[in-house]
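We're numbering straight along the sequence, starting at 1. Just follow the structure's listing: the first ligand is 1, and inside any ligand the first atom is 1.
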Amino acid sequence: MQQLLKNIHSDHFAIMGILNVTPDSFSDGGKFDRVEAALKHALDMQAEGADIVDVGGESTRPGAEPVSEEQEIQRVVPVIEAIQENSDVLISVDTSKPAVMRAAIQAGASMVNDVNALQADGAVECCADLGVPVCLMHMKGEPRTMQQNPEYEDVTGEVSGFLQERARVCVEAGIPNENIVIDPGFGFGKNLDQNVTLFKQLNAICKLNFPVLVGISRKSMLGQILDRPVDERLVGSVAAAVMAYNKGARLFRVHDVAATHDALKVCEAVDGAV
Ligand code: 9MG
């Protein structure tokens, strides 16, 4: 994972494929079937060009209810173990809970993706101790209520200030700079205008000297712009990834790996031309 982040610093992009292992995501024919289906999806995404598979056992969608630590561990650990045994793709764990972070890293994950930017008690210390890269994402509020009238005076300034402060706290606790990725958190406590403004000004976040990850794939901001349901947002998602690349983002958390990979390969080739 550290090598991948070094490559990103020297201008390559990387794709993080989304693997949700919440009960609604895969067939409910029992635990074995669920793990098998999740593994197949991970292998498919790797074949399509994913560098990282992001395994998450708790929904972070607006309105989502939290799940217990035990439940989350039971969902993610068997899947991470199966991927680790059957593939060399890198694995990140999408969680905000230190106990889940530990269990996931022990099972074979090598990065923590935290939409809560390691603000839970013990999360920063846990990641410093584990010695793995972390993605710090901005979110205003919590998933259950975050879309209820979020307000900002200067959305980009606030997001940027928050990410710099969380990175400072992490470095002070012993997480090295090169293990930190930042993410503006599109759709997390931001309405359409705020998301669009933040996107337009994404360069400001990309100038903060950490690799920037973006997650826009199929999100409701695209649904609002396009007036399309979630299964008709592929073109919008790929267009957004290309725009984010042009503004300096290099890590892309996506559902549609193959299409995004092709589009970003073109960006990279043009960017690297003399
Ligand atoms: C888990 N998750 C859902 N959306 C996300 C986003 O935009 N960024 C990151 N880092 N994680 C996300």
Side-chain angles (χ1 to χ4, degrees), residues 1 4-5 8 13-22 24-25 45 50-64 66-67 72 75-76 79-80 90-97 100-101 104 109 111-120 123 127 132-144 146-147 150 155 159 162-163 166-167 170 179-190 192 194-196 198-199 202 205-206 210-223 230 233 236-237 240-241 243-244 247 249-257 260:
M1 187 67 83
L4 179 94
L5 295 181
I8 287 169
F13 71 85
I15 291 189
M16 176 186 269
I18 299 171
L19 186 59
N20 290 324
V21 290
T22 48
D24 52 329
S25 323
M45 289 196 290
D51 303 281
I52 306 171
V53 170
D54 190 39
V55 181
E58 177 176 50
S59 175
T60 52
R61 288 201 190 114
V67 298
E72 213 181 317
R75 288 177 187 174
V76 299
V79 172
I80 293 171
L90 297 169
I91 306 166
S92 56
V93 61
D94 154 20
T95 188
S96 298
K97 300 187 183 83
V100 182
M101 293 170 189
M111 179 176 187
V112 169
N113 172 31
D114 185 3
V115 298
N116 196 34
L118 306 185
Q119 293 178 99
C127 289
V132 294
V134 296
C135 177
L136 307 172
M137 198 199 78
H138 175 270
M139 166 167 56
K140 196 173 182 106
E142 45 154 343
R144 208 169 42 81
M146 66 189 175
Q147 291 309 102
V155 63
V159 169
F162 171 86
L163 293 173
R166 291 310 298 158
C170 287
N179 272 0
I180 297 176
V181 171
I182 57 173
D183 180 338
F186 289 110
F188 283 83
K190 294 151 193 109
L192 179 59
Q194 293 155 353
N195 279 313
V196 170
L198 183 59
F199 199 164
L202 186 60
I205 309 289
C206 297
F210 296 102
V212 171
L213 184 153
V214 290
I216 312 171
S217 177
R218 300 185 188 173
K219 281 199 175 158
S220 71
M221 67 184 276
L222 300 175
V230 69
R233 297 179 191 164
S237 299
M243 283 190 75
K247 289 174 184 288
R250 287 294 177 270
L251 258 160
F252 300 84
R253 184 178 182 277
V254 303
H255 301 86
D256 303 293
V257 173
T260 312

Practice task
Using distance alone, decide if ligand 1 has a nitrogen or oxygen within less than 3.5 Å of any nitrogen or oxygen in Asn113.
Solution key: yes

Practice task
With the side chain counted from C-beta on, respond yes when Val76 and Thr95 share a heavy-atom pair under 4.5 Å apart, and no when they do not.
Solution key: no

Practice task
State whether Asp256 and Arg218 are salt-bridged, where the test is any N-O pair (Lys NZ or Arg NE/NH1/NH2 against Asp/Glu carboxylate O) under 4.0 Å.
Solution key: yes

Practice task
Say whether Val214, considering both its backbone and side-chain N or O atoms, lies within less than 3.5 Å of an N or O atom on ligand 1.
Solution key: no

Completion exercise
salt bridge (charged side-chain N to carboxylate O under 4.0 Å, His left out) filter on Asp51, not counting sequence neighbours, yields none

Completion exercise
re atom 9 (C) of ligand 1, the protein heavy-atom contact at minimum distance is Asp183 OD2, 3.1 Å

Handout entry: Asp94 N/O to ligand 1 N/O under 3.5 Å
Key = no

Handout entry: Interfacing atoms of ligand 1 (cut-off 4.0 Å, heavy-atom, Met137)
Key = 6 (C), 8 (N), 9 (C)

Fill in the blank from the handout: Per-atom filter on ligand 1: closer than 4.0 angstrom to a heavy atom of Thr60 are 1 (C), 3 (C)

Exercise for the section: Can you label the angle between the His138 ring and the Phe162 ring as parallel, tilted or perpendicular, going by 30° and 60°? Expected result: perpendicular

Problem - Salt-bridge present (Asp183, Arg253; N to O < 4.0 Å) - result: no

Fill in the blank from the handout: For Val115, the atoms of ligand 1 under 4.0 Å from one of its heavy atoms are 1 (C), 2 (N), 11 (N), 12 (C)

Exercise for the section: Answer yes or no: is there a donor N or O on one side and an acceptor on the other, between the side chain of Asn195 and the main chain of Lys190, under 3.5 Å? Expected result: yes

Practice task
Just let me know how Ile216 lines up against ligand 1, side chain, backbone, both or neither, with a heavy-atom cut-off below 4.0 Å.
Solution key: neither

Problem - Residue portion contacting ligand 1 (non-hydrogen atoms closer than 4.0 Å) for Leu213 - result: side chain

Exercise for the section: Would you check whether Met16 reaches within less than 4.0 Å of ligand 1, judged by its heavy atoms? Expected result: no

Practice task
Give the residue and atom name of whichever protein heavy atom lies nearest to atom 3 (C) of ligand 1, and the separation in Å to one decimal.
Solution key: Arg253 NH1, 3.2 Å

Exercise for the section: Return yes if some donor-acceptor pair links the side-chain N/O of Lys247 with the main-chain N/O of Ile205 below 3.5 Å, else return no. Expected result: no

Completion exercise
Closest to atom 7 (O) of ligand 1 among protein heavy atoms sits Lys219 NZ, 2.7 Å

Handout entry: Expected output: side-chain Lys140 to main-chain Pro150 donor-acceptor under 3.5 Å
Key = no

